[in-house]
Engineer: 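First, the structure itself, so that you have it in front of you.
Letters go in sequence order (proteins before strands), and every chain restarts at 1. The structure presented is a predicted model; accordingly, all values stated were derived computationally and were not measured.
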Amino acid sequence: MSGGGPPRKRNFKIEAFKQRVELDPKYAERTWKVLEHAIHEIYNHNASGLSFEELYRSAYNMVLHKYGEKLYDGLQSTMTRRLKETSKSIETAQGGLFLEELNAKWMEHNKALQMIRDILMYMDRTYVPAAHRTPVHELGLNLWRDHIIHSPMIHRRLLDTLLDLIHRERMGEVINRGLMRSITKMLMDLGPAVYQDDFEKPFLEVSASFYSGESQEFIECCDCGNYLKKAERRINEEMERVSHYLDAGSEVKITSVVEKEMIANHMHRLVHMENSGLVNMLVDDKYEDLGRMYALFRRVPDGLSTIRDVMTSYLRETGKQLVTDPERLKDPVEFVQRLLNEKDKHDKIISVAFGNDKTFQNALNSSFEFFINLNNRSPEFISLYVDDKLRKGLKGATEEDVEVILDKVMMLFRYLQEKDVFEKYYKQHLAKRLLSGKTVSDDAERSMIVKLKTECGYQFTSKLEGMFTDMKTSQDTMQDFYAKKSEELGDGPTLDVHILTTGSWPTQPSPPCNLPTEILTVCEKFRSYYLGTHNGRRLTWQTNMGTADIKATFGKGQKHELNVSTYQMCVLMLFNNADGLTYKDIERDTEIPASDLKRCLQSLACVKGKNVLRKEPMSKDISEDDTFYFNDKFTSKLVKVKIGTVVAQKESEPEKQETRQRVEEDRKPQIEAAIVRIMKSRRVLDHNSIVAEVTKQLQARFLPNPVVIKKRIESLIEREFLERDKVDRKLYRYLA
Amino acid sequence: LGRGNRDKVQQFMTITGASEKVALQALKASDWHLEGAFDFFYSQPQISAVNTRHLEDIFNRYKEPDSDMIMVEGVSQLCNDLQVDPQDIVMLVISWHMKAATMCEFTRQEFIGGLQSIGVDSIEKFRGKLPSLRAELKDDNKFREIYNFAFTWAREKGQKSLSLETAIGMWQLLFAERNWPLLEHWCQFLQVRHNKAISRDTWAQLLEFVKTIDPQLSNYDDEGAWPYLIDEFVEYLTENGFVQRKK
């Protein structure tokens with residue numbers, strides 16, 4: 001024995017067994033049997049008696065000792081056998097119990113599968129990936145799929161059962177939705193391909209033919225509104241169905257089917273249905289039906305454009321009739337009111353039922369633009385409408401009301417192609433309103449001018465504004481005149497002068513007219529006063545535009561105040577010196593032109609309630625052989641009698657021709673200016689391009705006629721502003 | 001001189017009215033090719049100083065007694081001496097050579113310059129030249145120049161446009177040569193529908209129309225930027241069934 005020193009290190013070796021220790025194959029078989037038994041027990045709902053730990057360990061051991069394959073194959077064949085039996089039991093289920101049985105067995109299988117997977121987890125994690133085999137859970141699902149769902153007896157029956165239940169639900173029966181949910185979820189769990197191929201595709205096909213049939217039936221017996229209600233209901237139903245027991249991905253697909261079958265395939269028939277189609281809905285303001293149609297048609301391709309097209313052609317047709325109906329054209333104010341009403345009506349439809357859809361607004365605008373311009377008197381009539389409103393229609397209206405109405409009129413104005421024609425008439429009508437003092441509100445007048453200016457620029461309204469300025473200045477001038485000259489004037493007639501700047505006002509050459517002496521005197525006084533302060537100006541009395549208030553005493557002493565035109569005053573004053581006068585006398589003394597004189601005498605002698613003169617013979621028309629007498633017997637309930645004729649009204653044919661001619665003349669220089677502007681910048685341009693550019697530049701005011709443009713070009717060539725290219729006749733060159 | 005060349009000399013002299021000496025000169029210069037000889041001849045400054053006096057003489061023969069212009073009477077006399085109708089279109093060609101500003105009037109400069117341009121210094125030679133002057137109308141380019149010249153020449157003094165009556169007269173004269181089938185219709189149309197003076201642009205464009213558009217109007221382009229008067233003429237023809245246009 002040695003002693004003393006530290007203990008010696010010894011190499012400690014654990015040696016392996018000298019012979020390989022193998023698991024006894026019989027042991028493997030035994031272990032497998034245990035597991036197999038366990039699987040059966042699990043399927044038989046006897047799992048509680050099993051020890052998880054033991055089973056796990058058994059499986060573990062098998063895998064560890066390289067018996068993984070045996071384990072896996074055994075699992076597979078056991079499950080397969082099991083499922084085949086399950087399949088039979090499902091097949092034998094009667095009628096309604098089929099689905100329940102299937103569902104129950106599926107639940108079972110899932111539960112079992114979970115347990116089995118837990119037990120075999122080691123294999124799942126080691127052997128399965130290494131051997132590239134399907135994991136246990138997935139295996140279980142695939143086996144279910146292959147042996148149950150795809151089993152010949154079950155496959156067809158399952159699909160038929162599901163489709164039958166859905167069909168019955170569609171027909172109004174109540175079905176077991178929970179069960180359906182379970183089944184479809186099962187199909188989804190088995191893989192989206194299974195759900196789609198074994199259920200969804202056939203489901204969609206069957207639905208398509210179902211709805212095809214149903215839609216055919218409905219469309220034969222329902223009117224459009226009711227049909228749409230049904231279609232809407234069906235779509236909602238399908239969406240609800242999906243949310244309750246189908247996979248969410250099916251929603252879009254099934255709603256497309258319904259949309260196609262019920263809506264897309266019958267679109268035209270619905271829209272054009274007699275007595276209940278789109279046009280009827282529009283006419284009767286059926287907001288709800290229209291809203292429904294919009295919502296439904298929106299879902300299908302070309303749905304909205306179909307509605308839009310039908311609406312557009314209806315609007316154009318109706319509008320065309322409106323503007324060409326001779327009855328309607330008798331009263332311009334009525335005419336424009338009708339247009340405004342139509343616009344309001346359709347605006348409301350678009351806002352309430354079509355969700356303010358811009359494309360529909362555009363269709364409405366283009367339709368109005370189309371038919372308003374079919375009647376070339378539209379500009380005149382719109383101006384007359386405004387005139388009526390500003391003269392009396394807006395009496396008592398609030399500022400807001402005024403704005404609303406004027407804005408609506410502006411909307412119509414925007415549709416006009418010939419805005420320059422409107423300008424001409426507006427000027428005439430405004431002049432009459434201002435001069436007769438017959439405007440409801442100055443603010444309203446100004447508001448309209450502002451709107452026109454915003455729309456068309458200041459050039460459009462500068463003259464109109466000039467007219468207002470003249471009125472104001474005239475007021476000031478009159479005040480000053482009377483302040484300075486009152487003693488000189490004494491008891492003479494009271495003069496109220498409006499001084500109009502030529503160029504701002506639509507003046508026509510004023511024919512001669514002999515004013516009564518008293519009037520002449522005071523007029524001359526005014527003239528010298530005015531020219532005294534405004535050197536270098538020239539004043540011309542516009543006797544065709546004036547008015548007068550005359551006091552008249554009749555036979556029994558009744559006094560009346562007559563409001564007449566200047567011409568009428570001249571005629572009436574003659575009767576201060578004579579009881580009776582012939583036409584020729586009157587003509588000679590007043591020198592009023594024949595046509596005006598005739599109109600004047602007619603209004604004094606032939607109008608009931610206003611006949612301050614008596615005519616012999618008593619015919620309706622004025623002839624040159626008539627004689628006129630002061631009508632002593634004239635009576636009227638009113639003290640103040642209005643006989644004047646200076647009110648804006650629809651022009652007669654010849655007047656209209658004249659105005660149109662003036663408009664055409666005015667357009668020529670505008671066209672030329674545009675041509676010169678364009679050529680100055682482009683230098684060289686071909687004919688068609690010039691026409692297009694000119695049209696573009698002028699379209700805010702009017703639509704130029706290409707023939708007129710051509711004539712203007714030729715005129716400019718004559719005057720050597722342009723020349724034709726020597727080689728290409730179609731090309732023009734600007735000459736500096 | 002060979003027989004062929006002698007013939008050429010004769011021909012040359014007849015057509016140009018030149019002397020034999022000049023003919024030989026021209027033909028030799030062009031290697032005995034007649035065409036080349038003509039070119040040579042016409043591009044030469046024609047008359048020497050001596051001949052200019054002849055031209056003055058001729059002018060003085062026809063001019064007015066109290067002004068330096070040949071006026072209507074002088075023109076009439078000239079036509080007589082040339083044995084030509086004053087309405088003959090060759091007068092237009094002559095006026096063109098003279099660059100005359102107005103119908104039936106020639107200034108001294110215009111007249112003498114014209115004679116020089118034509119290449120004559122006597123009335124006889126002038127008479128001899130008439131056929132070749134007429135022949136100038138057959139040349140397309142010359143015809144266009146003469147045609148456009150006619151507008152300014154036939155205008156009243158101080159007017160921008162040509163009076164309708166005069167225009168129609170000129171057209172009948174000019175287009176008789178060209179044989180334009182629509183001439184009658186054109187003149188009638190103008191009298192019925194237009195009845196106003198003719199602008200220069202319309203005048204010039206009408207020639208293009210005559211040259212390029214066939215009498216059935218099959219190649220007339222509505223978008224062709226023709227003057228509006230021609231557009232209206234086309235309408236007139238179609239309305240009255242004078243042409244069958246394929247639309």
Engineer: Look at atom NZ of A:K427 and say whether more than 12 heavy atoms of other residues, nucleotides or ligands are closer to it than 6.0 Å.
Structural biologist: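 Count over threshold, so yes.
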Engineer: Does atom NZ of A:K696 have more than 12 heavy-atom neighbours, drawn from other residues, nucleotides or ligands, at distances under 6.0 Å?
Structural biologist: no
Engineer: Counting heavy-atom pairs under 4.5 Å to chain B, which of A:R719, A:E718, A:H687 comes out on top?
Structural biologist: A:E718
Engineer: Would you indicate whether the side-chain heavy atoms of A:V707 and B:E232 approach each other to under 4.5 Å?
Structural biologist: no
Engineer: Is it true that, when you exclude A:H268 itself, more than 12 heavy atoms of the residues, nucleotides or ligands shown sit nearer than 6.0 Å to its NE2?
Structural biologist: no
Engineer: Taking atom CD of B:E184 as the centre, does the number of heavy atoms from other residues, nucleotides or ligands within less than 6.0 Å exceed 12?
Structural biologist: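 No.
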Engineer: Is the shortest side-chain N to carboxylate O distance from B:D221 to A:K730 below 4.0 Å?
Structural biologist: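 A:K730 and B:D221: salt-bridged.
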Engineer: Among A:K710, A:R729, A:E723, single out the residue with the greatest number of heavy-atom pairs under 4.5 Å to chain B.
Structural biologist: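 Heavy-atom pair counts peak at A:R729.
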Engineer: Looking at A:Q661, I want to see if its CD is surrounded by more than 12 non-hydrogen atoms of other residues, nucleotides or ligands under 6.0 Å.
Structural biologist: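 Open: at most 12 neighbouring heavy atoms sit under 6.0 Å from CD of A:Q661.
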Engineer: Measure the spacing between CG of B:D201 and CG of A:L716 and express it to the nearest 0.5 Å.
Structural biologist: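 Reported to 0.5 Å precision, the distance equals 11.5 Å.
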Engineer: So do the side chains of A:P706 and B:E223 get within less than 4.5 Å of each other, counting heavy atoms only?
Structural biologist: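 No; the side chains remain at least 4.5 Å from each other.
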Engineer: Check whether more than 12 heavy atoms from other residues, nucleotides or ligands sit under 6.0 Å from atom CD of B:E73, and answer yes or no.
Structural biologist: no
Engineer: Work out which heavy atom in B:Y228 is nearest to a heavy atom in A:E714; give both atom names and the distance.
Structural biologist: N-OE2, 2.5 Å
Engineer: Any chance you could measure A:E720, atom CD, to B:R200, atom CZ, to the nearest 0.5 Å?
Structural biologist: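 Nearest 0.5 Å value for the CD-CZ distance: 8.0 Å.
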